[in-house]
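Notes follow once the structure below has been shown.
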Number of protein chains: 2
Amino acid sequence: MKTINVTTKTKSYAIKIGTGALSQLGDLVKTVWQPGQVAVVTDTNVHPHYAQPVVTALKAAGFQVHVLTVPAGEQSKSWAQVERLIDQLSRAHFTRSDGVLALGGGVVGDLAGFVAATYMRGIGLIQVPTSLLAQVDSSVGGKTAIDLPTGKNLVGSFYQPDLVVIDPDTLKTLPARMLAEGYGEIVKCAALVGGDFWSLLQPITDVTAILPAAPALIAASVAFKAQIVMADEHEQGQRQLLNFGHTIGHALELLARGRLMHGEAVAIGLVQVSRLFAMHGLAPAELAETIAARLSAVGLPTKLPAIASAEVVAVMHHDKKIHHDALTWVYLDAIGKPKLAPVPVAELPAWVAPLWQLPTEVAGPTDN
Amino acid sequence: MKTINVTTKTKSYAIKIGTGALSQLGDLVKTVWQPGQVAVVTDTNVHPHYAQPVVTALKAAGFQVHVLTVPAGEQSKSWAQVERLIDQLSRAHFTRSDGVLALGGGVVGDLAGFVAATYMRGIGLIQVPTSLLAQVDSSVGGKTAIDLPTGKNLVGSFYQPDLVVIDPDTLKTLPARMLAEGYGEIVKCAALVGGDFWSLLQPITDVTAILPAAPALIAASVAFKAQIVMADEHEQGQRQLLNFGHTIGHALELLARGRLMHGEAVAIGLVQVSRLFAMHGLAPAELAETIAARLSAVGLPTKLPAIASAEVVAVMHHDKKIHHDALTWVYLDAIGKPKLAPVPVAELPAWVAPLWQLPTEVAGPTDN
């Protein structure tokens, strides 16, 4: 089993990556928690596959286990679910020596993480991400969140887990579309890092090539994220690089109202931000196509859906990366050479306009 | 103006204490925040007295000010108010470079602090406590919280402010009963520290003596709390001392359903825990009376109300200080000599029983 150690100002913890890790979960959890109560938070998609083995492993290790299941889907990242889960912890007399184990994709990790961060001002948290997106992205970095009507992830906290356990075997039950969206985040990391990591993507010419490569791709992505998070726990400097593709991506994801998954929206964002910076003369023209080729190989979308620029700009006004009336964009000089560019909020409509003024850039409605 | 600096792992900030500090608020805020939006969160009791001067001072210093007012009272420490306030911040396009200024007592500080801690995973926070209790207690230490039906402060986070401004002049509009309850917390701090601080209490023979002594009493309490918080930001060691009187106090406060204010419940808790430990042979017999004399001088209650021990123990099961099935109590060997004593949860009914078995300890229903 591969171990990546993360040390932040508030906590040190290990990320364990290994095929079959789920079957060793009881022993792994025992390395960080003394016997007590564990709330396994999961969703209606993941529960039928993995709840039983996880409960069995935890009970065998001496824990009292409660399984709390939320409806699958982004709509569970809500105040209502936070209240419901915290109410259940309180009624079960959970104390600060008990813990929450998040078993599922990004929604479960974000929601259960926020619950663990705020119940009694913080109790134990273990992340067991089961989707490729959550394994490479949301389980590392200590971000927890729920959504507001005005935007995604607008409420939450930075809260580090005690342990992260990643078992690539859980990807076998993942639909191809979700494998591909997780791969979108891997392409983002590889484009930021360049070198050997970017080379790892060469053999991925089809979505079926992701699964066998997953352990290496996850390890490379997690190692990169861990290094960034250690340098910048609260997203004030270098960590902003991880938002590559997310400025446009987040806005499209929200405006597509469920038609685009997160990794799909980010895929479009990666390519479109690269085009935009090329149009402004700040990035080489061919870079967008280089990135698009990797994404298209697994069927990810790269073209702008039919959404008006005014709508996209309106959503960007709620972006958490706005500081002192400027929105910080991430772009690449070349693969492996990221840069930050703050753009005044007042100039955003003109700044993004080139993307919408070229008719060839505007695709028709898409179900990608 | 007196300045006490607090340095924690996550933030360094100043606590400014001075008569008339409110009139200098604009300049004080400018020392920590660049111009931007400020949400002044206050309640219906404090708003008529201090909202206007605060808004004027902030506007003169170049801030855009929104005033968000919640109903006065503990019932505002609710999910509903958190959602409403965060919704208002989001609709006003607050970003991470904007901030929340809590203007009011402990309820406003706890609620507004939790909002600032979780909106966008944390935005700027300034505490301007206007009640004596908040000035000496809840504004220092970075605790934010809301209540659950199962208990007080069961949801929240540790989140340090950028600045705390304490103006003892705001105490002039405080009802005598609230001055006395704040004094209850001061007695707690003085009993833990002993020495010169305990001597400061000698002249307080009446509630009217609190106001002239307030600047010195606040400074001594805040300096003590700041030193504890610096040593133990997340309440894992020494900070538990601040819970002196709170184990019984919190339970009584909840069970009295509004008849006891926090500082009143703590006053009873301070005396009763000292009696309890004397009964168990762990504390000198006269200590409870020494503490009771200071509290009674300003009209604070010290006797147990007519609440059954079984009810009190049931509430203690939700205490945040339970770790690994033991509840940690704080008691004194002598004034200035605090000790910690973990008691297994299963033994709590027998442990607290002596308090209820002595008929002279059981007072009738009280409106104290």
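Proteins come first, then strands; the chains are lettered A, B, ... in the order of their sequence lines, and each starts at number 1.
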Quick check for you: to the nearest 0.5 Å, what is the distance between [X] atom [atom1] and [Y] atom [atom2]?
| X | Y | atom1 | atom2 | answer |
| --- | --- | --- | --- | --- |
| B:His324 | A:Asp98 | NE2 | CG | 8.5 Å |
| A:Ile146 | B:Thr118 | CD1 | OG1 | 8.0 Å |
| B:Arg96 | A:Ile322 | CZ | CD1 | 11.0 Å |

In terms of heavy-atom contacts, does NZ of A:Lys59 have more than 12 from other residues, nucleotides or ligands at under 6.0 Å?
no
Quick one: closest heavy-atom pair of B:Leu154 and A:Ser90, and the distance?
CD1-OG, 4.0 Å
side-chain hydrogen bond (donor to acceptor under 3.5 Å, both in side chains): which pairs involve residues 340-350 of chain A, sequence neighbours left out?
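Counting only pairs at least two positions apart or across chains, no side-chain hydrogen bond (donor to acceptor under 3.5 Å, both in side chains) contact touches residues 340-350 of chain A.
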Could you label the plane-to-plane angle of the B:Phe114 and A:Phe114 rings as parallel, tilted or perpendicular, counting under 30° as parallel and over 60° as perpendicular?
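Plane angle under 30°, so parallel.
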Check each atom of B:Leu148 against the heavy atoms of chain A and say whether the ones under 4.5 Å are side chain, backbone, both or neither.
side chain
Option in A:Lys9, A:Gln34, A:Arg91 with maximal non-hydrogen atom pairs under 4.5 Å from chain B:
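It is A:Gln34.
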Contact between A:Asn153 and B:Arg121 at the side-chain level, heavy atoms closer than 4.5 Å - yes or no?
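A side-chain contact under 4.5 Å exists here.
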